[in-house]
Asker: 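The structure's right below; bear with me while I get my questions together.
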Amino acid sequence: MRTLVCLALTLLHCASAMAQTRVDAGAAIGFTTAQTSFRQLPGFPSCCPQFDGGSGVGPAFSLGLDLPINGSWFGSVRLGTADRSHTLSTTELIDVIVGNTLVSGSIEHTLDLSLRDVTLEALIGYRIGALQLRAGAGYGWRSFGQLRAAETLTGPAGAVFVDTRTDTRNVRTDDLPQTVTSSAHLVGNVGLDIPLDERRRWVVTPEVGLAVFMASMTSVTSWTIAAPSIGLRLAYAIDVEDGPSVPAVPP
């Protein structure tokens, strides 16, 4: 009898755990922000004073699994891919002669990096009513596209470089030198559950998040990124437990 009671309690615990197990899929827009501090890269000639940072916008997609731990605590595992392409840019002020007059001009220096990554993340979450808080760490594998560099004379109107006779120079497209193809990162997000049915089997969750990557884009210099994001997730609860039934009162 005692064995049967223990078995029943175990099954009840498993059923309760399964009631909180969820699978989900999400889409988001990431706002990649780069932090840098260099003047030029090997193979990319530039007269830039210094690149201090840049930004980019790209889509992200992921699949996730939530598993209960204890009470309001749960664990999450997510596998995703995102476009982290971004542009570094800086403006240099110069003096140019137009006719016999000295006027102010400007050169815009740009580095366009094409980048996509695949990440695997493990997070710990806590639920406060419909609010979900998650924090954890992950690891990502990077796929680099071409890096395009250019210097453009943006003012005054009609001005050109002496060496190229055009308003652009030092234009080059090539691979990023000495790429770092993987990186660990820290991640956190906040979401709000909105049930789509009475049993809360289907749930849609608006979510904001932040990922901060540890490794540089290249081993030549410091070039790191962080990626705030805003998105939407659709979740399905596996074997949602029905609420307690109230026995009928006999007449």
Asker: For a side-chain contact (heavy atoms from CB on, under 4.5 Å) check, start with the C-alpha distance between Leu234 and Leu196, then their side-chain angles and the critical distance, and finish with the verdict.
Answerer: CA-CA 10 Å; Leu234 179 63; Leu196 299 180; 3.9 Å; yes
Asker: Any chance you could lay out the side-chain contact (heavy atoms from CB on, under 4.5 Å) test for Thr152 and Thr110, step after step, and finish with the verdict?
Answerer: CA-CA 8 Å; Thr152 305; Thr110 58; 5.7 Å; no
Asker: Decide yes or no on side-chain contact (heavy atoms from CB on, under 4.5 Å) for Val220 and Leu176, but give the supporting numbers first.
Answerer: CA-CA 10 Å; Val220 173; Leu176 177 67; over 6 Å; no
Asker: Looking only at side-chain N and O atoms, does Ser62 offer a donor or acceptor that is under 3.5 Å from a partner on Arg78?
Answerer: no
Asker: Gly54 and Leu88: which non-hydrogen atoms are nearest, and at how many Å?
Answerer: N-CD2, 3.8 Å
Asker: Between Thr166 and Thr168 (side chain of the first, backbone of the second, donor and acceptor by atom type, cut-off under 3.5 Å), is there such a pair?
Answerer: yes
Asker: So if I apply the side-chain hydrogen bond (donor to acceptor under 3.5 Å, both in side chains) rule between Asp193 and each of Arg22, Arg233, Arg200, which one comes out positive?
Answerer: Arg22
Asker: Got a sec, which pairs hit ring pair (Phe, Tyr, Trp, His ring centres under 6.0 Å) with one end in residues 178-208, sequence neighbours left out?
Answerer: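 For residues 178-208: His185-Phe213, Trp202-Tyr236.
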Asker: So, do Arg172 and Leu41 sit near enough that their side-chain heavy atoms are less than 4.5 Å apart?
Answerer: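 They are not in side-chain contact.
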Asker: Do Asp174 and Phe44 touch side chain to side chain, with heavy atoms closer than 4.5 Å?
Answerer: yes
Asker: If every non-hydrogen atom of Gly140 is compared with every non-hydrogen atom of Thr119, which pair is closest and at what distance?
Answerer: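 Closest approach of Gly140 to Thr119: CA-CG2, 3.8 Å.
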Asker: When rounded to the nearest 0.5 angstrom, what is the spacing between CE in Met214 and OG1 in Thr224?
Answerer: 8.5 Å
Asker: So which heavy atom on Ser114 is nearest to which on Ser85, and how close?
Answerer: CA-OG, 3.4 Å
Asker: With a 3.5 Å distance limit and no angle check, can you tell me whether Thr154 reaches the backbone of Ser106 through a side-chain donor-acceptor pair?
Answerer: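 Answer holds: yes.
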Asker: What distance separates Glu207 CD from Ser229 OG, expressed to the nearest 0.5 Å?
Answerer: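 Interatomic distance, Glu207 CD to Ser229 OG, rounded to 0.5 Å: 7.0 Å.
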Asker: Which distance, rounded to the nearest 0.5 Å, do you find between the OG1 of Thr205 and the CG of Leu192?
Answerer: 7.5 Å
Asker: Strictly below 4.0 Å, N to O, side chains only: are Arg199 and Asp197 in salt-bridge contact?
Answerer: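 No, no charged N to carboxylate O under 4.0 Å.
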Asker: Output all residues satisfying ring pair (Phe, Tyr, Trp, His ring centres under 6.0 Å) with Phe38, sequence neighbours left out; order by chain, then residue number.
Answerer: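 Ring pair (Phe, Tyr, Trp, His ring centres under 6.0 Å) check on Phe38 returns Phe51, Trp223.
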Asker: Test side-chain contact (heavy atoms from CB on, under 4.5 Å) on Gln35 and Thr33 and set out the steps.
Answerer: CA-CA 7 Å; Gln35 297 81 38; Thr33 302; 3.5 Å; yes
Asker: Please determine whether residues Val187 and Leu115 belong to a single hydrophobic cluster, defined as Ile, Leu, Val, Met, Phe, Trp and Tyr linked transitively by side-chain heavy-atom distances below 4.5 Å.
Answerer: no
Asker: State the OG1-CD1 distance between Thr32 and Ile29, to the nearest 0.5 angstrom.
Answerer: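 Going from the OG1 atom of Thr32 to the CD1 atom of Ile29 covers 10.5 Å.
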Asker: Quick check: is Val203 connected to Ile230 through a chain of hydrophobic side chains (ILVMFWY, heavy atoms under 4.5 Å apart)?
Answerer: no
Asker: Is there a side-chain contact between Val77 and Leu120 (heavy atoms, below 4.5 Å)?
Answerer: yes
Asker: Does Asp24 use its side chain to pair, donor to acceptor, with the backbone of Gly64 at less than 3.5 Å?
Answerer: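 Indeed, once roles are kept as given, a pair shorter than 3.5 Å links the two residues.
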Asker: Tell me the closest heavy-atom pair linking Val180 and Arg142, and the distance in Å.
Answerer: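 Minimum heavy-atom separation between Val180 and Arg142: O-NH1, 3.1 Å.
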Asker: After noting the C-alpha distance and the side-chain angles of Gln146 and Arg148, does the key distance pass the side-chain hydrogen bond (donor to acceptor under 3.5 Å, both in side chains) rule?
Answerer: CA-CA 6 Å; Gln146 294 288 291; Arg148 183 182 185 276; over 6 Å; no
Asker: Considering all heavy atoms of both residues, which atom of Gly53 and which atom of Thr36 are nearest to each other, and what is their separation?
Answerer: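 Where Gly53 meets Thr36 most closely, the heavy atoms are N-OG1, 3.1 Å.
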Asker: Say you draw a straight line from OG1 of Thr90 to CD1 of Ile107; how long is it, rounded to the nearest 0.5 Å?
Answerer: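 So the OG1 of Thr90 and the CD1 of Ile107 are separated by 11.0 Å.
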Asker: What is the distance from atom OG1 of Thr81 to atom CG of Leu63, rounded to the nearest 0.5 Å?
Answerer: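 Answer for the OG1-CG pair, Thr81 versus Leu63, is 11.0 Å.
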Asker: Would you say Thr218's side chain and Pro177's backbone share a donor-acceptor pair under 3.5 angstrom?
Answerer: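 Yes, Thr218 side chain to Pro177 backbone: donor-acceptor pair under 3.5 Å.
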Asker: Is there a path of hydrophobic side-chain contacts, each under 4.5 Å between heavy atoms of I, L, V, M, F, W or Y residues, that connects Leu65 with Leu79?
Answerer: no
Asker: Compare all side-chain heavy atoms of Asp83 with those of Val57 and state whether any distance is below 4.5 angstrom.
Answerer: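 No; the side chains remain at least 4.5 Å from each other.
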Asker: For residues Glu151 and Pro45, report the shortest heavy-atom separation together with the two atoms involved.
Answerer: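 Closest approach of Glu151 to Pro45, heavy atoms only: OE2-O, 4.2 Å.
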Asker: Consider only side-chain heavy atoms of I, L, V, M, F, W and Y, link residues closer than 4.5 Å, and tell whether Leu123 and Ile69 are in one cluster.
Answerer: no
Asker: Main chain of Phe31, side chain of Ser55: is a donor-acceptor contact present, judged purely on distance under 3.5 Å?
Answerer: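 Side chain of Ser55 to backbone of Phe31: no pair is present.
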Asker: Using modelled atom types and a 3.5 Å cut-off, is there a donor and acceptor pairing between side-chain atoms of Thr91 and backbone atoms of Glu108?
Answerer: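 Not a single qualifying donor-acceptor pair exists.
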Asker: Tell me whether Val171 shares a hydrophobic cluster with Leu147, the cluster being built from Ile, Leu, Val, Met, Phe, Trp, Tyr side chains joined at under 4.5 Å.
Answerer: no
Asker: Tell me the ring pair (Phe, Tyr, Trp, His ring centres under 6.0 Å) pairs involving residues 103-132, sequence neighbours left out?
Answerer: Trp73-Tyr126
